[in-house]
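Comments concern the structure below.
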Protein chains: 2
Amino acid sequence: MPPLPVTVDSVILTVLEGTLQVLLVRRMDSPFVGLWALPGGFVRPEEPLENAAIRELRESTGVDEVYLEQLYTFGQPQRDTRGRVVSVAYVALLAADRCPIKPQRLEAEVRWWPVYELPELAFDHGAMVEMSLQRVRTKLEYTTIGFQLMPEAFTMAQLQSVYEVILDRSLDKRNFQRKLSLLGLVEPTGDVRKEGRGRPAQVFRFRDVDFVHLRERGIHVPF
Amino acid sequence: MPPLPVTVDSVILTVLEGTLQVLLVRRMDSPFVGLWALPGGFVRPEEPLENAAIRELRESTGVDEVYLEQLYTFGQPQRDTRGRVVSVAYVALLAADRCPIKPQRLEAEVRWWPVYELPELAFDHGAMVEMSLQRVRTKLEYTTIGFQLMPEAFTMAQLQSVYEVILDRSLDKRNFQRKLSLLGLVEPTGDVRKEGRGRPAQVFRFRDVDFVHLRERGIHVPF
DNA sequence: ACTATATAGTGTGTCTATGACACAAAAGCA
DNA sequence: TGCTTTTGTGTCATAGACACACTATATAGT
């Protein structure tokens, strides 16, 4: 049976400027020249799939050591107009403060796009982004992946805002905090943070909590 | 970039004789000659991945039109000793009464194996089965995939037994029925079924309920 | 310094879901 | 007829979910 070209494509998400954003690169080659696409590329002969995703991630963002999860494999014969290519899609979550790519000008070749205002995407990359959003929203409810998007130290308001941005709805402050302290996932560092006006906020960090425990404890995190 | 051979492998599950069983085929060729493996094969050049899974399913069981879901893509370079092969794994759920393959003698080349008493498996197929069990157990809690394993008409005891077999624990009869009727997923056909001794049981069928509703309604089905 | 404004922090009450639990009804069999 | 097997049914106690409003502490402007 003839072998098939295999690529990886990564949906790299971050929360920046109060919205969920995805990293896109502008295509320089045919097909879809000039359109925006997910960063990705061919898998090398002796390279594990995940390593390929990590490599592409490093090439496009300069970062590794991020949360990375396989999303789905897209294999429709017509998804690439040049010929059949099978693509294994990954989702990566990146804390904004660890990311060297700044919110950029519209002319740039690599930039963050708010997921609710995406341009037309090449290939089936729109479907990949859609699926990644569903996955992240769902996992936000029974895992701690949300933490991947936070800096080491943060305030409750920041954390809640990340949840709200991803879930695309507002949450009740008191219920949010109650739940979180009930879970014992965070602890105060002792510091407070003054950000312009308003009462200073306590600063928290994450405690090392086993990722899996949440589901085992039957805990649901949409507040 | 050199292309890679791509295969699909299917974890085909059913509930038979009171246990969850998976369909395995005995390997005739190298490597792993004589070991048991998941049914699978190479993806054809113009064939969508899912179609390849359906084709293999039909070839090994004689059935199509089953619940089929992509599980994960396995791409470690060393997973096949002959050379690198990327495998897209699928999970299929098959109602026992729709399946022509009967529980078979040990010598057969294709047979059901109880998932808790598996032989050594070829390649990384053991990991695939493990992952499929986790997936199915999880989805049992917030979707209606369990229904895929039932015949059209069934009793409450049968339905509960399927849930118990998959979750590998016993459930409370009253709580199970309360939840189920609360969800409005089943309706009595009006018939009763006499099975040997004991009071006859009401027969139910599934109502057409949108698959997605369960999660939207925040419903949890572990009883 | 006083006031206006902005943000942080905190508790209660209601409702619904969950889980534990036991006995009567209807059939077959001896 | 009575013994066995399987079905069918309700309550209560507990925990989690959700809705909801005011006080505390800082800055900015006058």
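In the text below, chain A, chain B and the rest are named by the order of the sequence lines, each starting its count at 1. Since this is a predicted model, take the numbers as computed values, not measurements.
- Listed here is the closest heavy atom pair of P188(B) and Q202(B): CB-OE1, 3.6 Å.
- Aromatic ring orientation, F74(A) versus Y72(A): perpendicular (interplanar angle above 60°, classes split at 30° and 60°).
- Ionic pairing of E65(A) and R98(A) is not present here: no N-O contact between side-chain nitrogen and carboxylate oxygen is shorter than 4.0 angstrom.
- Each of G198(A) and M156(A) was matched to the nucleotide of DNA chain C holding its nearest heavy atom; the match closer to the 5' end belongs to G198(A).
- Checked against dA22(C), dA26(D), dG11(C), the side chain of N175(A) finds its nearest nucleotide in dG11(C).
- Of the candidate nucleotides dT9(D), dT10(C), dA6(C), dA6(C) has the atom lying nearest to any side-chain atom of R197(A).
- Residue P200(A) has its side chain nearest to dT25(D) when only dG11(C), dT25(D), dT7(D) are considered.
- The distance between atom CZ of F176(B) and atom C1' of dT9(D), rounded to the nearest whole Å, is 16 Å.
- Taking atom NZ of residue K173(B) and atom P of nucleotide dT6(D), one finds them 11 Å apart after rounding to whole Å.
- Between K179(B) atom NZ and dT16(C) atom P there is a gap of 15 Å when expressed in whole angstrom units.
- Scanning both residues, V86(A) and G75(A), for their nearest heavy atoms gives CG2-CA, 4.4 Å.
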Steps toward side-chain contact (heavy atoms from CB on, under 4.5 Å) verdict (T7(A), D9(A)): CA-CA 7 Å; T7(A) 60; D9(A) 289 306; 3.9 Å; yes
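- Nearest to the side-chain atoms of R178(A) among the listed nucleotides dG8(D), dT18(C), dA19(D) stands dA19(D).
- One interatomic measurement links the two molecules: CG of D172(B) to C1' of dG10(D), which rounds to 12 Å at whole-angstrom precision.
- Side-chain rings of F147(A) and Y67(A) stay apart, their centers remaining 6.0 Å or farther from each other.
- What separates CD of E195(B) from P of dG8(D) is a distance of 11 Å, to the nearest Å.
- The side chain of Q202(A) places an N or O atom within less than 4.0 Å of a non-bridging phosphate oxygen (OP1 or OP2) of dG9(C).
- Ring-centre distance between F154(B) and F206(B): below the 6.0 Å cut-off.
- Taken over five-pair windows at either terminus, the axes of the helix from dA1(C)-dT30(D) to dA30(C)-dT1(D) are inclined to one another by 0° (rounded to 10 degrees).
- Taking every side-chain heavy atom of R199(A) into account, dT7(C) is the closest of dA27(C), dT7(C), dC21(C).
- Taking atom CD of residue Q158(A) and atom P of nucleotide dT7(C), one finds them 13 Å apart after rounding to whole Å.
- The nearest whole Å value for the distance from the CG atom in L171(A) to the P atom in dC18(D) is 10 Å.
- Here dC20(D) is the nucleotide among dA8(C), dC20(D), dG10(D) with the atom lying nearest to any side-chain atom of R174(A).
- R193(B) has its CZ atom 17 Å from the C1' atom of dG8(D), to the nearest Å.
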